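Per chain, numbering begins at 1; letters A, B, ... match sequence-line order. Only this structure's heavy atoms are used, side chains among them; waters, hydrogens and symmetry mates stay out. Since the model is a prediction, treat every value here as computed from it, not as a measurement.
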Amino acid sequence: MLLDPQADNRWLTEAGGAGMAGKVLSAADRDAFAGMVRPTADPRFGDYQSNCAMPIAKLCGKPPRQVAQAIIDVLDWEGLCHPPEIAGPGFINLRLRDDFLATVMAEMLGDDSLGVEPADEPRTILIDYSSPNVAKPMHVGHIRSTVIGDALARTFRYLGHRVITDNHLGDWGTQFGMVIYGFKHFGDEVALAAGPVDELSRLYRLVNRLIAYHAAVADHPGAVTATAAATEVVARAEAAVSAATDAKAKRSAEKELAAAVRKQAAARQRAEALQATVAAAQADPDFLRQAVAHPGIADAVLLETAKLHSHDPENRALWERFLPHCRDEIDRVYRRLDIRFDHTLGESFYHDRLGDVVQRLRDAGLATDSEGAVCVFLPEFDSPMIVQKKDGAYLYATTDLATLFYRREEFRPDEILYVVDSRQGEHFQKLFAAAARLGFQGLRLEHVQFGTVLGEDGRPFKTRSGTSVGLESLLDEAVAKALEIVCDPQRVARSDGGMDEAERQQVAHAVGHGAIKYADLAHHRTSDYRFELDKMVALEGNTSAYVQYAYARARGIMLKGGMAPEAIAASAQPPVLGVPAERSLALTLARFGESLQQVRADNAPNFLVDYLYDAAKAYAVFNDQCPVLKADSPEIAASRMVLVALTARVLETGLGLLGIRVVPRM
RNA sequence: GCACCCCUAGCUCAAUUGGAUAGAGCAUCGGUCUACGGAACCGAAGGUUAGAGGUUCGAAUCCUCUGGGGUGUACCA
């Protein structure tokens with residue numbers, strides 16, 4: 001924050017005279033109250049406000065405005081602010097001095113990290129994100145974890161923390177059993193040699209479909225029965241509604257009817273979906289033949305998985321043969337998205353440690369046998385955390401515990417963030433509860449959860465056939481839309497010199513990929529959001545293209561003025577903030593660091609997105625109202641050029657922390 | 001059944017963790033300027049923050065209840 005009220009809060013101690021009835025505040029209170037300085041909601045109230053007078057007044061039994069007066073009497077921020085004003089019930093309004101703000105501008109421009117001070121107490125933060133299952137194509141569901149985790153990692157590093165990123169790959173699960181089974185029965189060596197990734201994903205999809213088919217055949221009659229039963233319940237509920245005599249009974253009967261109708265619809269929908277799966281299979285003779293030939297495929301797949309886990313040489317060899325291709329496949333997507341990890345320790349890495357974990361849990365008295373499985377019962381949960389199945393196999397709770405032990409040993413982190421979707425909330429609660437009983441109290445564990453990506457219909461984003469949407473096809477689509485915009489003939493005609501194909505592609509990639517990342521990060525991570533590609537790549541509104549364009553405009557002015565950004569930075573003097581658009585832009589730029597603190601406090605990158613959009617808007621106003629190259633005097637031109645250069649730096653750096661690139665013109 | 005999350009402008013979303021008159025964007029309507037790069041800027045309209053109580057100087061935010069939606073819930077991850 002521009003003002004650092006917590007660094008030196010003598011002003012709260014010294015205010016303890018008459019106004020505060022001699023009340024002495026504890027150090028913790030002082031820190032908390034000093035921290036109650038924040039930006040104002042409305043510029044009429046100045047730039048910042050302190051809200052601490054009201055709660056202090058309650059503590060010492062004095063009128064809040066009197067307390068506020070006592071505080072401002074001793075407040076010594078003359079170099080930074082105009083004299084504070086007391087407003088309303090006891091708000092203290094602060095307005096920064098223009099000369100101070102101007103000094104901040106020059107300092108930021110001359111500083112490699114834009115005036116953001118490294119953290120006082122750097123923490124070692126391990127971030128676990130992305131974690132796709134290999135051997136399955138990456139889909140839309142992987143966007144959030146990957147993009148949010150990457151943005152947090154970049155931002156925390158920028159803030160001076162020691163960040164370790166680890167991609168906890170799903171490289172040891174049932175999907176490999178599926179691929180192995182598929183290869184043994186339907187594999188095509190020639191196709192594998194020619195295009196391993198395509199062949200492996202063909203096998204995965206085929207086996208997946210076969211399993212789904214048999215499950216549908218098995219479950220359909222039950223679903224039909226359930227639908228019939230639900231229909232009966234509806235009929236009874238209808239009868240109850242018409243039989244109800246008084247208003248209260250009628251209302252409660254109607255409520256039950258509504259619930260019954262919903263359940264009926266859900267049951268019917270399920271039955272229809274199963275029916276559709278069966279029908280689609282029956283319309284496909286080749287597939288049906290395969291289905292008939294492999295009736296026990298689901299169990300057989302589990303068997304192949306179990307064999308892999310128990311070091312069966314053949315399956316192990318296949319796994320080792322397939323895995324590199326799967327890794328190549330996801331690495332290609334990461335390269336495209338500009339995502340890197342310090343470590344990629346997948347589930348397979350922990351396989352040999354799982355037995356130890358179960359033993360440690362037993363030794364600690366946490367694990368007990370129940371119904372043939374090894375379970376950890378925790379009093380705060382109804383169902384146990386199962387760490388070993390009755391067939392002896394381990395589960396992801398076991399792997400997560402093993403991972404926890406390893407990470408503590410290897411990386412000694414202060415905190416671990418799991419960027420994983422909300423549906424796994426209960427799993428992490430159990431994991432953390434178990435960890436607390438295993439001596440992990442000093443290590444902060446946090447489930448950084450996020451919501452679902454929805455389609456335009458408000459349902460989880462799926463293709464028409466019900467499968468999840470491939471990640472790469474979305475990226476391709478976004479780039480294609482961006483390219484259309486870049487190549488808009490009207491614009492191309494206007495841009496000086498035009499763009500060659502290479503530059504167009506570069507811009508389309510920056511804008512297309514940026515659009516998807518930006519839209520994801522713009523929403524608070526805990527809320528679900530609607531995936532609307534047209535809005536994401538739009539030039540208007542809160543989009544990456546708008547911010548990227550603001551950057552390009554700033555670069556355009558520097559270019560036209562024949563001034564390199566570095567040269568401007570090297571000779572920067574504090575700018576003159578003569579008109580509101582200049583001051584307002586300066587104030588916004590000065591708050592860059594605050595937005596990063598907000599990201600850190602909540603593990604929520606949307607604060608940085610909001611900030612960048614604000615900065616881009618403030619720059620747009622400045623751009624409109626403040627001529628730079630055609631300014632009235634060379635002095636004003638130079639002064640404004642400082643703001644232009646700093647805007648470009650802030651936007652480029654901020655977008656960079658979100659994993660989004662800029663282009664010098666677009 | 002139980003547990004957790006959510007309900008904010010016509011639509012999509014914010015709201016610095018309890019602060020002042022709840023903000024943006026899209027869409028709608030109106031306006032500006034001989035374009036330092038117009039993919040611009042300004043304005044209007046739009047709200048009982050699902051509803052009802054409570055806590056206090058002050059509530060979208062905390063507590064209770066009601067309604068509506070989502071997710072999870074013993075051997076998938």
For a quick check of understanding: with a heavy-atom distance under 4.0 Å over all strands, which category does Val628(A) fall into, base, sugar-phosphate or nothing? base

Starting at the 5' end of RNA chain B, write a dot or bracket for each base, bracketing those in Watson-Crick or G-U wobble pairs whose two distances are under 3.5 Å and using | for partners on another strand. (((((((..((((.....[...)))).(((((.......))))).....(((((..]....))))))))))))....

Could you check whether Ala522(A) gets within reach of a base, just the sugar-phosphate, or nothing at all, counting any heavy atom under 4.0 Å? nothing

Side chain Gln49(A) and base rA20(B) donor-acceptor under 3.5 Å: yes

Sugar-phosphate only, base, or nothing, as touched by Gln424(A) at under 4.0 Å among non-hydrogen atoms: base

Mind calculating the distance between CD (Gln625(A)) and P (rC36(B)) to the nearest angstrom? 13 Å

Whole-angstrom distance between rC42(B) and rU61(B), as gauged at atom P: 32 Å

Nearest-Å distance once atom C1' is located in both rU8(B) and rG69(B): 15 Å

When rounded to whole Å, the CZ to P distance for the pair Phe450(A) and rG72(B) reads 14 Å

For atom P, what is the distance between rC41(B) and rC5(B), given to the nearest Å? 40 Å

If we take the C1' atom in both rA24(B) and rG68(B), what is their distance in whole Å? 27 Å

Looking at every strand, decide which applies to Asp391(A) at a 4.0 Å heavy-atom threshold: base, sugar-phosphate, or nothing. nothing

Answer yes or no: does a side-chain N or O of Ser422(A) lie under 4.0 Å from OP1 or OP2 of rG70(B)? no

Over how many whole Å does the gap from His447(A) atom NE2 to rA77(B) atom P extend? 16 Å

Select base, sugar-phosphate, or nothing to describe what Asn93(A) touches, counting heavy atoms under 4.0 Å on all strands. base

Looking at every strand, decide which applies to Ala41(A) at a 4.0 Å heavy-atom threshold: base, sugar-phosphate, or nothing. sugar-phosphate

Between rA60(B) and rG18(B), how far apart are the two C1' atoms, rounded to whole Å? 11 Å

Contact class for Ser370(A) vs. all strands (heavy atom < 4.0 Å): base, sugar-phosphate, or nothing? base

Does any residue of residues 630-640 of chain A have a heavy atom under 4.0 Å from RNA chain B, and if so, which ones, in number order? Lys630(A)

Does a distance-only test, which skips hydrogens and angles, find a donor-acceptor pair under 3.5 Å between the side chain of Thr40(A) and the base of rA20(B)? no

What contact category does Pro55(A) fall into here, base, sugar-phosphate, or nothing, at under 4.0 angstrom with non-hydrogen atoms? base

Is there a donor-acceptor pair under 3.5 Å between the side chain of Thr398(A) and the backbone N or O of Leu395(A)? yes

Answer with base, sugar-phosphate or nothing: what part of the nucleic acid does Phe377(A) contact at a heavy-atom distance below 4.0 Å? base

Indicate, with yes or no, if the rings of Phe91(A) and Phe45(A) have centres closer together than 6.0 Å. no

Is Lys535(A) near enough to rG25(B) that one of its side-chain N or O atoms lies under 4.0 angstrom from OP1 or OP2? no

When only distance counts, do a donor and an acceptor, one from the side chain of Arg44(A) and one from the base of rU21(B), lie under 3.5 Å apart? yes

When the P atoms of rG70(B) and rU55(B) are compared, how many Å lie between them, rounded to an integer? 34 Å

For nucleotides 1-10 of chain B, 5' to 3', base contacts (B), sugar-phosphate-only contacts (S) and non-contacts (-) with protein non-hydrogen atoms under 4.0 Å give -S--------

When all nucleic acid strands are considered with a 4.0 Å heavy-atom cut-off, which category describes Asn606(A): base, sugar-phosphate, or nothing? sugar-phosphate

C1'-based separation of rA22(B) from rU17(B) [nearest Å]: 15 Å

Just N and O in the side chain of His524(A): are any of them under 4.0 Å from OP1 or OP2 of rA15(B)? yes

Assign Phe381(A) to base, sugar-phosphate, or nothing according to its heavy-atom contacts below 4.0 angstrom with the strands shown. nothing

Closest-nucleotide 5' rank along RNA chain B - winner of Met54(A) and Ile557(A): Met54(A)

Whole-Å distance, Asn51(A) CG to rU17(B) P, equals 9 Å

